[in-house]
Structures are given as structure tokens and as C-alpha cells.
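Throughout, protein chains are lettered first and strands after them, A, B, ... in sequence-line order, and every chain is numbered starting at 1.
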Protein chains: 2
Amino acid sequence: MSRIPKPTVRRLAIYYRCLERLEQQGEDSISSKALAQMVHIKDSQVRKDLSYFGSFGRRGIGYDIRRLLGEIQKILGIHKRWNVIIIGAGNIGQAIARFKQIEKHNFQIVGVFDTDHRKIGKQITPGLVISDMSSLEEFIRQNQAEIAVIATPAEAAQSVADRLEKSGIKGIICFAPITLNCNIPVEYVDITVFFKTLVHSVVSQNYNI
Amino acid sequence: MSRIPKPTVRRLAIYYRCLERLEQQGEDSISSKALAQMVHIKDSQVRKDLSYFGSFGRRGIGYDIRRLLGEIQKILGIHKRWNVIIIGAGNIGQAIARFKQIEKHNFQIVGVFDTDHRKIGKQITPGLVISDMSSLEEFIRQNQAEIAVIATPAEAAQSVADRLEKSGIKGIICFAPITLNCNIPVEYVDITVFFKTLVHSVVSQNYNI
DNA sequence: TAGATTGTTAATCGATTAACAATC
DNA sequence: TAGATTGTTAATCGATTAACAATC
């Protein structure tokens, strides 16, 4: 449908982060040039990114921070609350469940699931207890969960994804090291890939050129 | 120096992941077409990516999995052990410290640091105890740490990065939501950004088109 | 008015893909 | 030999950047 470059969407989330900080610091407007400097890109990139969605600035003046925060919220779809479930209560699943920043950004963790009976029933945070995977489908419907985090081992990930998709989950964040076959949007986060690409930059010293 | 597209490096790490699984399954060769299908890209992309570094396949046959694993190891720089320290023993810092996959991939967590005196001295895993930030520089030298993970709040991240760079750290994985000013390679991992780009795909349904 | 900064177009740059000769 | 598959070139596609008229 809309032809928005993926890098543009990612940068929008990063502008949002900067604008939040600026607002907190009491600023009320900023130029594309200043914003660009904060994230080490060109000012024309900032303006181009925003121009896909409208004209939010004032020539000669810059952008109103409050206004721009609101616009980016609407563009990204983070003006509303999203209910999130986590599949896999291992190391990563539990860390995400406890991660305060996520809730601060309008993503509410409503459930955590695992197959390990020693984990089921354990409280992760006040009001958040690990549930049995067998109750997954029912839980999704009853709690209107829309986003799921897959934090299972790779072997389990595809069958979990199938169940999620079938139950009406609309998007997946996948921490498992595998490419999923499914028809809803997926964001992949393989922590080990970041380590590997980092050391490639280190050994080839090409990060700056 | 070398002109390797960043996406190529990232994909190399992903091919590596597939090849590991295939090797484990007892396979010993694979074509670019089959590998491409596993990660939902074009086969010419796989061949192009590899061709930046050499000719590792056999026409008519495909790629030897063992051989290709070894070549990618050398390209990425993961054939050697890397010593890693973690700054910030909060939620994310501790999860990374406990994350087995990282050690499996030749990254050894040798130290974890925090400024909170209630945390210092606490054992995270057998042999890994939270240290005081004041011992950072000495520790880096004595343990030949080369890679650092910044898992502090955003406000602390820049000054931590400055100290790391000055102490000879060669690359940084930054979980703090901020763009750092520094002269060594940095990989940014902002978990909330993945959630935000995901919901943009969900609301705009443009993920597939 | 002069200076600053946007929004947008056109030019440039870089990455992906198709195509095919080489070769197993 | 026929079929499969690589390595590489050229064509295409998409994203970034420069430039500048519009306008605050």
C-alpha cells in the first residue's frame, strides 16, 4: 500500500526518542538540522522522512516538539495501548516482561507463557504470573492481546507462531534465531547477530569510512 | 576501507545461523537457492553477498557447509574468542550476562559493572560477580576486554562510552536509547524501537507489499 | 527587509535482482 | 552429454543527499 521506506520508520522511532528527551528538558521547538545532529544523519534526511506523512514544521522556525511527538505517535500507531504477551519465560522472556521502558511506551505486558511446569505459576512482576501454554489461545481472545514476543528456543518458534497467527495476534517480535513463515508482520531481534556485526566492524575498521 | 554493504554483513551472520542448524542436522552441502529460501531472500542475493569475499562454492554442486561456516567465521571475526564486559546490572544487563547463546558464539562475559552499592558483590552466574564502576579501567586492562555492552540509563551512557573508549575498548553494543558520540564501532539495540516499527507495520498493513 | 528553515524536486549514490556464461 | 548451480556483470530499483524556491 503506502510506500514508506523501512529505514524511515525506524528513524521516526528514533526521532521520537529524541523529542521525548527534548520535551523533558523543557525545549519546545527544534530544527531539522539540530535533530539530525543528535542522531548523526543529514538534515535533509529528517525533512524527507517527515514529508512522507505531511508538513509538520514552520519555515524559518522549525518543528514544534509537542506537535511532532503527537504526529509521530499517530504515524507509528503508538497513540493507543497495545496488549502484549510473551511466549517463553526463559532469560530473555523474563527480562522483557520486567522491562519498564516497554510499558512506558504504551505496550502493556498482559501475559507470559511457558511449557515448563516448574515455571508455571511463578510471579514475574506484581500481577504477572507465568501461565501454561495450553491456555494460550483462550487467553489471547479474553485479553485482546495483539502483539506477541517469541522468546522460545528456535525449534519451538515456528509452531508457536502458527498458533499465534491463528489466534488473531497481529504482529510478532521474534527473539528466536530463525526466520518464521507467517503472514503477519514480524520484527526479528537476534542479539548474537548484533555482536557478530559489531566485531566485523572492529576487525575490518570499516565502520567509519 | 573495504566497501561491504552493512546489510550484507548482517545477512552473513544470518546465513551462519542457518548453516549451524544444517550442520547439526547432518547436512553437508547446500545451494544458494535453498539457503535463500530459508531466510526469504533471493538466491542471487546470497551469491552476491558471498562474492564480496571470495568464491566458496562449486558450480553445479553448491556450498560445503563446514567450509562456508569457517569462511564466514573468518569474515566476521568470530573465529577468535572476544572478552566482553557489561556496564549496568539492571534488567537488561543481567539478562545479557546470563544469556547462554552469547557465550556459545565465542563471546565471553568477563565482567559486569554497576554504580549501585546494593548490587555490587552480587553473583549473577557462577564466577561472575557485579563490580564497582570505579574499577572499570583497571579491569579492562587486566582482563583484555575488547567489547562492551552499555546497559545503563540513557543519561549515563555517553560518559560510560567515553571511559570505555579511553580504556581501549574496541566496540560497543548500546542498549541505552541514545546516539553516542564516539570513534569506535557501535551497534544500537533499542528494544522499544522494534516494538514501534512493528506496530507501524500492523497499523499500515504495508509489511507485505 | 534579512536570516533562518522548511518542503520538495532532481541528482546521486548504493543495494538488489536478473540474466547468463562458466563449469561441476 | 544434460542438468544444476555458481560467480559476476549489467540493469533495475530504492534510498539518500543536495539544492533551492517558498515562506516564516
Determine, for [X] against [Y], whether the closest basic-nitrogen to carboxylate-oxygen distance falls under 4.0 angstrom.
X       : Y       : answer
K196(B) : E187(A) : no
K80(A)  : E146(A) : yes
R47(B)  : D43(B)  : yes

What closest approach, in Å, do [X] and [Y] show between heavy atoms, and which atom pair accounts for it?
X       : Y       : result
P177(B) : D190(B) : CB-OD2, 3.5 Å
R11(A)  : Q45(A)  : NH2-NE2, 2.9 Å
L35(A)  : I30(A)  : N-CD1, 3.7 Å

What is the nucleic acid contact for [X], judged by heavy atoms within less than 4.0 Å: base, sugar-phosphate only, or nothing?
X      : answer
F53(B) : nothing
R58(B) : sugar-phosphate
S55(B) : sugar-phosphate
S44(A) : base

- Determine, using ring centers only, whether F56(A) and Y63(A) are less than 6.0 Å apart.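 No, they do not, as the ring centres are separated by 6.0 Å or more.
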- Message: Suppose we call two aromatic rings close when their centres sit under 6.0 Å apart. Are F113(B) and F139(B) close by that rule?
- Response: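 Yes, ring centres under 6.0 Å apart.
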- Message: Stem finding on DNA chain C, please: runs of three or more consecutive Watson-Crick or G-U wobble pairs, both distances under 3.5 Å, sorted by first number.
- Response: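 As far as DNA chain C goes, consecutive pairing (with distances under 3.5 Å) yields the stems C:3-24 with D:3-24.
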- Item | F107(B) and W82(B) aromatic ring geometry - parallel, tilted or perpendicular at 30°/60° bounds |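 Geometry flag for F107(B) against W82(B): parallel rings.
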- Message: Determine whether E71(B) and R66(B) satisfy the following criterion, salt bridge (Lys or Arg N to Asp or Glu O under 4.0 Å), listing intermediate values before the conclusion.
- Response: CA-CA 9 Å; E71(B) 297 290 353; R66(B) 289 277 171 79; over 6 Å; no
- Item | Whichever of I30(B) and Q45(A) has its nearest DNA chain D nucleotide further upstream toward 5' |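 Checking each residue's closest nucleotide, the 5'-ward one belongs to I30(B).
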- Item | 5' precedence on DNA chain D between G60(A) and R47(A) (nearest-nucleotide basis) |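 The 5'-side residue here is R47(A).
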- Message: I'd like the 5' and 3' limits of the part of DNA chain C contacted by chain B, with heavy-atom contacts below 4.0 Å.
- Response: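 Contact boundaries, 5' end first: dA15(C) to dC24(C).
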- Item | Heavy-atom neighbours of Q25(B) CD exceed 12 at 6.0 Å |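 Count over threshold, so yes.
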- Can you list, by residue number, the residues of residues 35-43 of chain B that have a non-hydrogen atom closer than 4.0 angstrom to DNA chain D?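 Those residues whose heavy atoms fall under 4.0 Å from DNA chain D, taken from residues 35-43 of chain B, amount to none.
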